[in-house]
There are 2 protein chains.
Amino acid sequence: MNIGAASQQSGLPAKTIRYYEDIGLLTPDRAGNGYRDYSASDVHRLRFLQRSRSLGFSVEECRQLLSLYGDHSRESADVRAIAKSKLAEVERKLTELAELRDALRHLVRNCHGDNRPECPILDSLAGRGGARQARI
Amino acid sequence: MNIGAASQQSGLPAKTIRYYEDIGLLTPDRAGNGYRDYSASDVHRLRFLQRSRSLGFSVEECRQLLSLYGDHSRESADVRAIAKSKLAEVERKLTELAELRDALRHLVRNCHGDNRPECPILDSLAGRGGARQARI
DNA sequence: CTTGATCTTCCAGTTCCGGGAACCTTATAT
DNA sequence: ATATAAGGTTCCCGGAACTGGAAGATCAAG
């Protein structure tokens, strides 16, 4: 499969896909004409990269996550340790995203879109634990 | 409050906080000595920025989100439209994060960490809809 | 009053791409 | 068969979002 199709199926721009190859995140085959030739598992990796990047993981974190199921030379204990640490981070992100969702839902429900609103109560957007009574 | 305290309370490096000021995301007061002086609501904004950036929103998206509850000159219909569109994106991210969490949980449970594992079934990491039977 | 921590500005470097040039290959239309 | 467009290649430069370091001012402590 050419880079255009891989781009469509992964949701990543061709430019980005070439960049990921440059920094060693995947190494597709080359066809006789010099074109990159993406396998199904290449596209799989690309889709995963698209997702995890859009969820706020750095490229190096993505590399780690990919190694969890790509690297056969890795020790089981390593895999487990990395997975556990990433799991904790994912769970924290889930909590924060859910709070953001709730705040946005509130906003959508309470600001009818017909006139100048009040739309307060987005304090939860900044999470608990910081400055509480802030009125911005 | 000085920038060091604001940094601690928001989780953002002082460098980043100054950068956010440069690009107009907030404008703290200045004390007599020239030091930046952060209010509770400034810290509130900073905490929100830290969160939303770590959840994969671009700086411009964060600016939009902040304007949802900061900008009194904005029309109610605008607020509602932006909130609805961001809400959809947040819900998509929530779904993907939950899938990633499930995959990591599976990994943590099934790879005991004592010997060489098999650890397959991380296909769900790349989500459904793309290459299916990929075995990486 | 000196020392160390923290603040200031400014400039340079890094990461993660995106735009565009210059060129080659493939598919389509005449 | 041939023009033409569409899509591929490398390369290099520019931009977004920081990050590190230098040079200097300020503050809190001994």
Main-chain N/O of B/Ser39 paired with B/Asp42 side-chain donor or acceptor, under 3.5 Å: yes
Pairing residues for B/Arg18 by the salt bridge (Lys or Arg N to Asp or Glu O under 4.0 Å) criterion, not counting sequence neighbours: none
For atom CZ of B/Arg18 and atom C1' of C/dA12, their distance in whole Å: 16 Å
Sugar-phosphate only, base, or nothing, as touched by A/Arg53 at under 4.0 Å among non-hydrogen atoms: sugar-phosphate
Scan nucleotides 26-29 of chain C against the protein and return all N/O pairs shorter than 3.5 Å with their distances rounded to 0.1 Å.
| residue | atom | partner | partner atom | Å |
| --- | --- | --- | --- | --- |
| C/dT26 | OP1 | A/Asn33 | ND2 | 3.1 |

Audit row: A/Glu89, B/Arg101, side chain to side chain contact (heavy atoms under 4.5 Å, CB included) steps and yes/no: CA-CA 9 Å; A/Glu89 193 176 345; B/Arg101 178 201 57 201; over 6 Å; no
B/Asp37 CG to C/dC7 P, straight-line distance once rounded to whole Å: 12 Å
Nucleotide C/dT8, atom C1' - distance to CZ of B/Arg36 in whole Å: 7 Å
Closest nucleotide among C/dC17, C/dT8, C/dC7 to the A/Val59 side chain: C/dC17
Whole-Å gap separating P (C/dT25) and CZ (A/Arg30): 14 Å
Stacked cation flag B/Lys93 on B/Phe57, 6.0 angstrom / 45 deg: yes
Rounded interatomic separation in angstrom, taking CG from B/Asp22 and C1' from C/dT9: 10 Å
Contact under 4.0 Å: A/Thr16 side-chain N or O vs C/dG18 OP1/OP2: yes
Whole-Å distance separating the CE atom of B/Met1 from the P atom of C/dT6: 16 Å
Candidate pair A/Arg63 and A/Ile23, rule side chain to side chain contact (heavy atoms under 4.5 Å, CB included), full reasoning: CA-CA 10 Å; A/Arg63 197 191 297 273; A/Ile23 63 175; 4.2 Å; yes
Side-chain (B/Ser10) to main-chain (B/Ala6) donor-acceptor, under 3.5 angstrom: yes
Opening and closing nucleotides of DNA chain D in contact with chain B, under 4.0 Å to non-hydrogen atoms: D/dA17 to D/dC27
